[in-house]
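Protein chains get the first letters and strands the later ones, always in sequence-line order, with residue 1 at the start of each. Keep in mind that the numbers below use all heavy atoms, side chains included, and drop hydrogens, waters and symmetry copies.
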2 protein chains.
Amino acid sequence: MGWRFRWTEAHRGRSRTLSGMARIEDVAALAGVSVGTVSNVLNRPQAVTPKTRARVETAIAELGYLPNESARALVSGRSRTVGLVVPDVTNPFFADLARGAEEVADKHDVVVMLYNSAESPERELRYLGHLETQRVQGILATPVNPGGQAVEALIKRGTPVVLLDRGQASRTVCSVAVDHRAGGRLAATHLTEIGHRRIAFVGGPLSVPGVAERLDGARSAVDHSDILLETIETPSLTVAAGREAATTLVRRPARERPTAVFCANDLLALGVLQTVAREGLRVPEDLAIVGYDDIEFAAAAAVPLTSVRQPREQLGRVAAELLFEEINDPSRHGHRQVVFQPDLVVRTSSAG
Amino acid sequence: MGWRFRWTEAHRGRSRTLSGMARIEDVAALAGVSVGTVSNVLNRPQAVTPKTRARVETAIAELGYLPNESARALVSGRSRTVGLVVPDVTNPFFADLARGAEEVADKHDVVVMLYNSAESPERELRYLGHLETQRVQGILATPVNPGGQAVEALIKRGTPVVLLDRGQASRTVCSVAVDHRAGGRLAATHLTEIGHRRIAFVGGPLSVPGVAERLDGARSAVDHSDILLETIETPSLTVAAGREAATTLVRRPARERPTAVFCANDLLALGVLQTVAREGLRVPEDLAIVGYDDIEFAAAAAVPLTSVRQPREQLGRVAAELLFEEINDPSRHGHRQVVFQPDLVVRTSSAG
DNA sequence: GATGAGTGATGTAACGATTCAATAACCAGG
DNA sequence: CCTGGTTATTGAATCGTTACATCACTCATC
């Protein structure tokens, strides 16, 4: 049968010239064994004689052979990756979260693909689709719109998902979140306790559930009191948005100004702090500031920022652990909604 | 031939029960066409009649079919991803860089896998290996040790690489970097011009080429003068390291203290700023501070930080563009070493 | 009504690995 | 030196796509 010979020749020719990358067959040929044996060396080393194993390993080293993950994934039906979709990589809160998740994934010999949805539903959809297309083992996501059907569809088609920081009450999926209502209450209570009677909440968009919850918590803390809580909604949760919000604040005459602001995250708070300081107001004497997340830069600000601390890395770790639990034992797995309680870290920006 | 029938049955059975995920064959069956046609709809829509195309698209939607990237990558030999390896995702400088790269990759319909080597050569090696097993189209990397052979081997085996921020002079590879010597000179010159005679360089480890270059540049600016430049080497480029370095500084009696510090990056500078302020020193009156990178938090610090600005996102963008140039036209591609000139952004922390 | 050009759909080898049933090699014991 | 029972290795089927060489139409032309 001539065809087999021809095929083999063409095959080798292509491989040598075009790709340069060794295949398992090349290793087998060099070591004088079958491809099955090479595969065994790779995946079940104890099943092969030390002598042949050594020979194969030499060949592998000599050719610089690295197995093709695509082929592996094709056979096994799953790639060795999980996806992580966050709304803003440049927000240190999410960077820390990613670090926590990465740590756990490492232990499971899985790599984390990090995607930045930039709060855009379109990008999020594209990225989730891409992850599914990659047949990732599972996905950790902070969905832009947690009520959306994108995640539901994903789960229905069989990809395990853990919701991060924006879990809804749904029992159909695991989630890890922080009680933002409690966080908001904590912040507002603190400000009232140190004597503030006029407080502004700076944050937005309010369509982001976590933000609305923080506001809600703050409101619940001042309900049935004479304390004034106004809302300044921002278009995003960035330093720039904080600067803008502060600009409108400092323009007001002093007696129409709140004496304290509670910001929906630390980026906003830093923006507010910066503008307020530049305009000559003293923090906390003229304006007290409380942030949220307790990112590292909160403490590092020259007026160290009081902030509601979230267990940032732990959130990522626990989420990843839940995900791997579901991946590795889907039948025994029951969906859980983990809710952490935040706590308040008082620093100079709201000191007495 | 009975075997073909048996095979088909078993095949379908597995797919239905175990995976739930539709295959191209399922789509073909539902639409009443061949798999080839479905593939055409997916990849060359113009080659198929509108009528059949519509039928296939309906079937795709109905089944929620998503092509298996592993299989695609296997056939084409390349996945639709590029890798990005950075030494510290939690450093906003690298987060911005990643954003720039992502932007360009998006245009090429390629996704960026982000890896965090955490300055560990072992992790870096693992990640580079992983990227190679994934047969990524190319890699953007800020290698821990740019002189190492890891990158060389990668290139030799055919994966295009662009060195980011830590390019050596090598002509065998593209690189995008900033002239850190010039940056160091800029910072030191500025400090001397506003009258400082005793300056400390805070940064490390000095084995990181960029750090050593910044120091070198600073030295060249004070050479042949009576200005004292001392070096305080730090174990890392983090806020915490900055705090520690500052602690040793503020303990000294005032007359043995530098009047200005030049930090190898903004994280260090923020750490220094924080500690120094907490210990009651005024910035810039008692101690002027200059950072490096000009991350967003530099401007947002309550004592806004003078910093040497790198074109952060642009670095990522240009690097990605070079990479895609090499990927899409390897023969015409010539390796280039792009070097940006940094500039100094003077803010309060070193004002007069 | 047969011919041929041109277009659209089909069928199948190939991508590079894993897996597992079948076979070969080995080694004691008689 | 053969036999039986392990253990080590082999070979082929398989994963889900793509690409491309065939094959099947359709429709204008003579």
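When rounded to the nearest whole Å, the span between CD of Gln46(A) and P of dA8(D) equals 10 Å. Put simply, CD on Glu25(B) is 19 Å from P on dA9(C), counting in whole angstrom units. A straight line from CG of Asn40(B) to C1' of dT17(D) spans 12 Å, rounded to a whole angstrom. Rounded to whole Å, atom P of dT7(D) lies 18 Å from atom NZ of Lys51(A). Distance CG (Asp26(A)) to C1' (dC15(C)): 13 Å, rounded to an integer number of Å. Going from atom CD1 of Ile24(A) over to atom C1' of dC15(D) covers 15 Å, rounded to whole Å. Rounding to whole angstrom units, CZ of residue Arg78(A) and P of dT19(C) are separated by 16 Å. In this structure, Arg53(A) atom CZ and dA8(D) atom P are separated by 10 Å, rounded to whole Å.
Nucleic acid contact class of Ser76(A) (heavy atoms, under 4.0 Å, all strands): none. At the heavy-atom level, Val33(B) lies under 4.0 Å from the strands shown only through sugar-phosphate atoms.
For the OP1/OP2 pair of dT9(D) and a distance below 4.0 Å, the side-chain nitrogens and oxygens of Thr52(A) include at least one atom meeting the criterion. Contact between the side-chain N/O atoms of Ser39(A) and the OP1/OP2 oxygens of dT18(C) is found at a separation under 4.0 Å. In terms of phosphate contacts, Asn68(B) brings no side-chain nitrogen or oxygen within less than 4.0 Å of OP1 or OP2 of dT17(D). Phosphate proximity of dT10(C) to Ser34(B): present, with a side-chain N or O under 4.0 Å from OP1 or OP2. Between Thr49(B) and dA9(C) there is a side-chain polar atom (N or O) within less than 4.0 angstrom of OP1 or OP2.
In this structure, His108(B) and Phe324(B) have parallel ring planes: the angle between them is below the 30° cut-off, well short of the 60° mark.
In the set dG16(D), dA17(C), dT18(D), the nucleotide with an atom closest to the side chain of Tyr65(A) is dA17(C). Considering only side-chain atoms of Val75(A), the nucleotide from dG16(D), dA17(C), dT10(C) that sits closest is dA17(C). The side chain of Arg135(A) lies closest to dT17(D), out of dT9(D), dT18(C), dT17(D).
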**Request:** Go through the steps for Val56(A) and Val27(A) under the test side chain to side chain contact (heavy atoms under 4.5 Å, CB included), then give the verdict.
**Result:** CA-CA 7 Å; Val56(A) 170; Val27(A) 175; 4.3 Å; yes
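Each of Leu74(B) and Arg44(B) lies near DNA chain D, and the nucleotide nearest Leu74(B) is the one positioned closer to the 5' end. Both Ala71(B) and Thr37(B) lie near DNA chain C, and the one whose nearest nucleotide falls closer to the 5' end is Thr37(B). Between Arg80(A) and Val35(B), the residue anchored nearer the 5' end of DNA chain C, judged by the nucleotide with its closest heavy atom, is Val35(B).
Using a 4.0 Å cut-off between charged nitrogen and carboxylate oxygen, Lys156(A) and Glu132(A) do not count as a salt-bridge pair.
Using a 3.5 Å distance cut-off with no hydrogens or angles, the side chains of Ser120(B) and Ser117(B) do not pair a donor with an acceptor.
For Thr58(A) (side chain) and Ala54(A) (main-chain N/O), a donor-acceptor pair under 3.5 Å exists by modelled atom type.
Each of Arg123(A), Glu124(A), His130(A) was compared with Tyr127(A) under the side-chain hydrogen bond (donor to acceptor under 3.5 Å, both in side chains) criterion, and only Arg123(A) meets it.
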